[in-house]
Every structure is written in C-alpha cells, then in structure tokens.
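Down below is the structure, laid out as structure tokens.
Within every chain, numbering begins at 1; the chains are lettered A, B, ... in the order of the sequence lines, protein sequences first and strands thereafter. Quick note: numbers below take in every heavy atom, side chains included, and nothing from hydrogens, waters or symmetry partners.
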2 protein chains.
Amino acid sequence: MSLPHAILTALLEKPSSGLELTRRFDKSIGYFWSATHQQIYRELGKLEQAGHIRALPAPVPARGQKKEYEVLPAGLVELTTWVARSEDPKPLRSSLLLRMRAAAMVGSTGLRAELERHLALHQAQLDEYLVIEARDFPAARPRPEPDRLRHLVLRGGIDLERFWVEWLTHALAELGGE
Amino acid sequence: MSLPHAILTALLEKPSSGLELTRRFDKSIGYFWSATHQQIYRELGKLEQAGHIRALPAPVPARGQKKEYEVLPAGLVELTTWVARSEDPKPLRSSLLLRMRAAAMVGSTGLRAELERHLALHQAQLDEYLVIEARDFPAARPRPEPDRLRHLVLRGGIDLERFWVEWLTHALAELGGE
DNA sequence: CTTGCCATGTAACCGGTTACATGATTTT
DNA sequence: AAAATCATGTAACCGGTTACATGGCAAG
C-alpha cells in the first residue's frame with residue numbers, strides 16, 4: 001500500500017495534476033516507486049474519495065481538462081502516521097540472479113551478453129544519480145533535516161547501483177571468456 | 001514471467017512434489033524469487049499442460065496424494081533459451097526509501113525504530129547467507145562452472161544485504177538522536 | 001476416534017501492466 | 001481543417017496474496 005503515500009508526498013511537495021505527477025514520478029519519486037499514468041489517475045480518484053486530497057476548483061470542469069490536486073489535512077495525518085508505520089521489506093525478486101542459477105543447471109550460453117547489458121544499464125543509472133547528487137547536494141554541512149533525509153534516500157539509490165555495477169563486473173570476470 | 005523458470009530450475013535440480021518445492025523455495029531459490037504453495041500448484045498445472053513437465057506415474061492417483069513432477073525435454077529447451085533471453089531489470093521498489101522521502105516532508109517521528117528493525121532483519125539475513133557460504137563454498141579454487149555460478153548468486157545476495165546493513169547504519173547515524 | 005499434520009487444491013481480491021478511447025489545445 | 005500533443009480516463013488481463021476447502025494418514 002505505498003502508491004497512495006508516494007502520491008501524497010509528491011502532492012505535498014507541490015500540488016499537481018495527474019500528468020504532472022506522472023512526469024515527476026519519472027524523474028524523482030519514481031526512482032524507487034514507479035507508477036504509470038493509469039495507476040496515478042486511479043489512485044487520485046481513490047484518494048479524493050477518501051477525503052485525503054481534493055481537486056482545486058477549476059473554472060470549467062470538463063473531460064480532458066487539467067485538474068490540480070492538493071493534500072487535505074486528513075491526507076497529511078494519514079501520511080504522518082504511515083511514516084511511523086512498520087512494514088517488512090518485500091523479499092528480493094531478481095530475475096537476473098534466477099537466470100544465473102538456472103545457468104548453473106543448463107549452461108551459461110548467452111548469459112554473458114545479458115550481464116554486460118545490465119552492467120551498462122546500472123552504470124548509466126549510477127551516473128544519472130551522481131549528476132543529481134552534485135547538483136542538489138553540494139558539499140557544505142550540516143544541513144537541515146529534510147535535506148539530510150532526501151540526501152540519504154539518494155545515497156541509497158547510489159549505493160545500490162554501485163552494488164550492481166560491482167557485482168556484475170565481478171560476475172563477468174568470474175565467468176571468463178565463453 | 002520468471003516463476004515457471006524458477007520451478008523448472010528447481011525440478012531439474014531434483015524432481016519434487018508441490019509441497020517439497022514450496023519448502024525448497026523457502027530456503028534456496030526463494031531467496032531471490034519467493035513463491036507460496038498456491039502459486040506453485042497453479043504454475044505446476046500450467047507447466048504440465050504446456051508439456052514442459054510431467055507428473056511421475058503414481059500407484060493410486062487421488063486427491064490429497066503426493067504427486068512428483070519431472071522436467072521433460074521441452075521444459076529443458078524452454079529453460080535453456082530463457083537463460084539467454086534478455087529482460088530489463090524491474091525498477092526498484094522500496095517502501096522504506098519512500099517512507100524516508102515522506103519523512104522529509106512530514107517529519108521523521110517514529111522512523112528511527114523502523115530503520116533499526118530493518119537493520120536487524122537485514123543483518124540476520126546476511127548472517128544466514130554467510131553460514132550457507134561457509135557450508136557450501138569452502139575456500140579451494142578453481143571450481144567447475146556450475147559451482148562458480150551458484151556461488152556468484154549467493155555472493156549477490158550477501159553483497160546486497162551488506163549494502164542494506166551499511167546504508168541503514170549510516171542512516172541511523174545521520175538521523176541522530178530523535 | 002479425535003487431533004494434528006501432510007498434501008493438493010479453489011476462490012476472491014488487489015496492485016501493476018498493457019492497450020485503447022476520448023476530449024481539448026496547439027501547431028502547421 | 002488536419003495533425004500533433006496535452007490530458008484524463010476505461011477495460012482487460014496477469015501475477016502475487018490471503019483465506020479457505022478437502023482428503024489422506026499417523027499418533028495418542
């Protein structure tokens with residue numbers, strides 16, 4: 001049940017329409033909780049019904065017309081209690097690790113190319129994160145808590161990509177020429 | 001579309017019944033592709049229908065009776081081609097990172113306890129992996145390829161847990177007393 | 001002969017994914 | 001006025017989750 005809270009967070013940062021949310025998900029919150037525009041519209045409807053958000057009054061409400069949403073006090077309460085809520089981490093699901101395990105049974109033919117492809121993807125994502133870090137979090141400390149928290153989140157993304165890059169590099173070396 | 005291939009791999013390692021598979025998932029393949037017994041029975045049905053596996057003939061087939069499955073040649077082909085197949089990594093989904101991002105907007109009250117809980121969980125998982133590594137992969141190299149691949153998979157799990165342990169430790173330090 | 005466990009399932013639901021539909025606005 | 005783009009949606013599907021049902025078998 002994380003998507004509604006992802007949306008509440010995004011709307012708190014800045015009231016937005018569905019499409020704007022979709023775009024911001026693509027380059028920010030979506031880095032660790034992605035969503036398509038269909039999901040977002042569906043969820044906005046539910047959140048409005050629940051009284052957690054409301055559509056800002058539009059001059060002429062109509063289909064195909066932009067609708068801006070903002071968070072209501074009830075939504076703020078919901079998000080605040082959710083932050084303190086406890087939830088187990090979902091078990092890992094990696095089809096790449098699974099593939100490697102299968103390769104141990106049926107041979108690793110063709111696996112190398114896939115590892116190289118993933119390495120490039122993770123390296124690219126890492127580079128993207130590092131650019132954001134340099135832009136949004138230049139040296140200078142200490143910082144106010146909100147900034148520290150946002151930086152920690154980004155750090156998580158960075159270190160996770162670094163893990164993949166290192167593991168894939170190691171795996172390719174270990175696999176040897178095929 | 002990974003579950004069927006996880007099952008094929010497990011059945012190649014050793015022909016099993018549905019419940020046996022469920023148990024083996026809980027302590028091996030399930031570390032990176034978990035499944036409940038309902039999923040497994042459903043998938044076994046599909047795989048049998050597709051001609052990828054077959055139930056070994058039982059003396060008295062009946063409901064509530066154990067059914068052993070084995071992989072058929074078609075299943076082996078399917079798994080082999082799947083290993084070489086290319087598939088993008090699913091985008092990361094971490095409700096913990098999301099929670100921290102929300103905390104940057106509404107305050108981090110109650111977050112510390114959750115971080116500590118996750119730290120303990122990941123530390124426990126890491127310890128479990130390390131025991132398995134010591135048991136199944138004692139020093140001595142070089143090794144045949146299948147063993148190298150299985151060890152790489154386990155290494156992935158280990159390094160991933162290490163990442164979480166380190167990041168959570170860092171986050172707790174950075175968060176400071178609350 | 002009841003309790004508990006082994007083993008195989010069915011049913012309902014839910015979030016995420018993919019494909020498509022529709023209206024409004026801007027560009028050419 | 002046709003084409004492209006912005007913006008909001010509907011519908012169908014699919015894998016994973018939760019709750020429950022059913023039968024066989026062994027222990028006390």
Side-chain angles (χ1 to χ4, degrees), chain A residues 1-8 11 15-26 29-50 53-56 58-69 82 87-95 98, chain B residues 1-8 11 15-26 29-50 53-56 58-69 82 87-95 98:
Chain A
M1 277 285 301
S2 292
L3 180 57
H5 303 102
I7 292 179
L8 285 173
L11 286 182
S16 309
S17 67
L19 199 61
E20 278 166 16
L21 276 179
T22 306
R23 298 230 172 84
R24 288 172 49 208
F25 263 66
D26 283 344
I29 288 196
Y31 285 139
F32 42 89
W33 203 277
S34 59
T36 62
H37 79 273
Q38 292 89 341
Q39 273 179 282
I40 288 174
Y41 284 121
R42 198 205 283 175
E43 204 60 46
L44 283 171
K46 286 188 202 169
L47 283 167
E48 188 176 23
Q49 200 123 27
I53 62 173
R54 66 159 188 163
L56 295 178
V60 186
R63 191 189 167 97
Q65 215 63 7
K66 200 161 89 163
K67 258 199 286 187
E68 288 247 315
Y69 290 93
W82 179 76
E87 190 176 349
D88 284 341
K90 309 170 311 176
L92 170 62
R93 281 235 164 91
S94 164
S95 66
L98 192 60
Chain B
M1 277 283 302
S2 291
L3 180 57
H5 303 101
I7 292 179
L8 285 173
L11 286 181
S16 307
S17 67
L19 199 61
E20 279 167 13
L21 275 179
T22 306
R23 298 229 173 85
R24 288 172 51 207
F25 263 66
D26 282 343
I29 289 196
Y31 285 139
F32 42 89
W33 203 276
S34 60
T36 62
H37 79 272
Q38 292 89 339
Q39 273 180 281
I40 288 174
Y41 284 121
R42 197 204 284 174
E43 203 61 45
L44 282 171
K46 286 188 203 168
L47 283 167
E48 189 175 22
Q49 201 122 29
I53 63 173
R54 64 159 189 165
L56 295 178
V60 185
R63 191 189 168 98
Q65 215 65 7
K66 201 162 89 163
K67 258 199 287 187
E68 288 248 315
Y69 290 93
W82 178 76
E87 191 176 348
D88 284 341
K90 310 170 309 178
L92 170 61
R93 281 237 163 90
S94 164
S95 64
L98 192 59

Winner on side-chain proximity to Met1(B), out of dG15(C), dA7(C), dG15(D), is dG15(D)

Rounded to whole Å, NE2 of His37(A) lies from C1' of dT5(D) at a distance of 14 Å

side-chain contact (heavy atoms from CB on, under 4.5 Å) filter on Arg24(A), not counting sequence neighbours, yields Ala10(A), Glu13(A), Lys14(A), Ser16(A), Leu21(A)

- request: Select base, sugar-phosphate, or nothing to describe what Ser34(B) touches, counting heavy atoms under 4.0 Å on all strands.
  value: nothing

Gln38(A) has its side chain closest, among dT10(C), dG9(D), dC6(C), to dG9(D)

With sequence neighbours left out, the residues meeting ring-ring contact (aromatic ring centres under 6.0 Å, His included) with Tyr31(B) are Tyr129(B)

Residues at least two apart in sequence or cross-chain that pass ring-ring contact (aromatic ring centres under 6.0 Å, His included) with Tyr41(A), listed by chain then number, are His37(A)

From CG of Leu56(A) across to P of dA7(D) the rounded distance in Å is 15 Å

According to a strict under-4.0 Å criterion, is Arg23(A) in side-chain N/O contact with OP1 or OP2 of dA7(D)? yes

In numerical order, the residues of residues 39-49 of chain B whose heavy atoms come under 4.0 Å of DNA chain D are Gln39(B), Arg42(B), Lys46(B)

Contacts of Glu20(A) meeting salt bridge (Lys or Arg N to Asp or Glu O under 4.0 Å) (sequence neighbours excluded), chain-then-number -> Lys66(A)

Assign each of Ala35(A) and Tyr69(B) the nucleotide of DNA chain C bearing its closest heavy atom; nearer the 5' end lies the nucleotide of Tyr69(B)

From CG of Asp26(B) across to P of dC6(C) the rounded distance in Å is 13 Å

Quick note, Thr36(B) side chain, CB onward, closest among dG16(C), dT17(D), dG9(C) is dT17(D)

Winner on side-chain proximity to Lys67(A), out of dG9(D), dA7(D), dG9(C), is dG9(D)

Whole-Å distance, Phe25(A) CZ to dA7(D) P, equals 17 Å

When rounded to whole Å, the CH2 to C1' distance for the pair Trp33(A) and dG16(C) reads 10 Å

Ile7(A) CD1 to dG15(C) P, in whole Å, measures 12 Å

Check your understanding: Do any N or O atoms from the side chain of Ser34(B) and from the backbone of Gly30(B) form a donor-acceptor pair under 3.5 angstrom?
Key -> no

Taken in chain and number order and not counting sequence neighbours, the residues that satisfy ring-ring contact (aromatic ring centres under 6.0 Å, His included) with Trp82(A) are His5(A)

Taken to the nearest whole Å, CG/Leu19(A) to P/dT26(C) is 15 Å

When rounded to whole Å, the CG to P distance for the pair Leu98(A) and dG15(D) reads 15 Å

Checklist entry - Ile40(B) and Gln38(B): side-chain contact (heavy atoms from CB on, under 4.5 Å), yes or no, with the steps? => result CA-CA 5 Å; Ile40(B) 288 174; Gln38(B) 292 89 339; over 6 Å; no

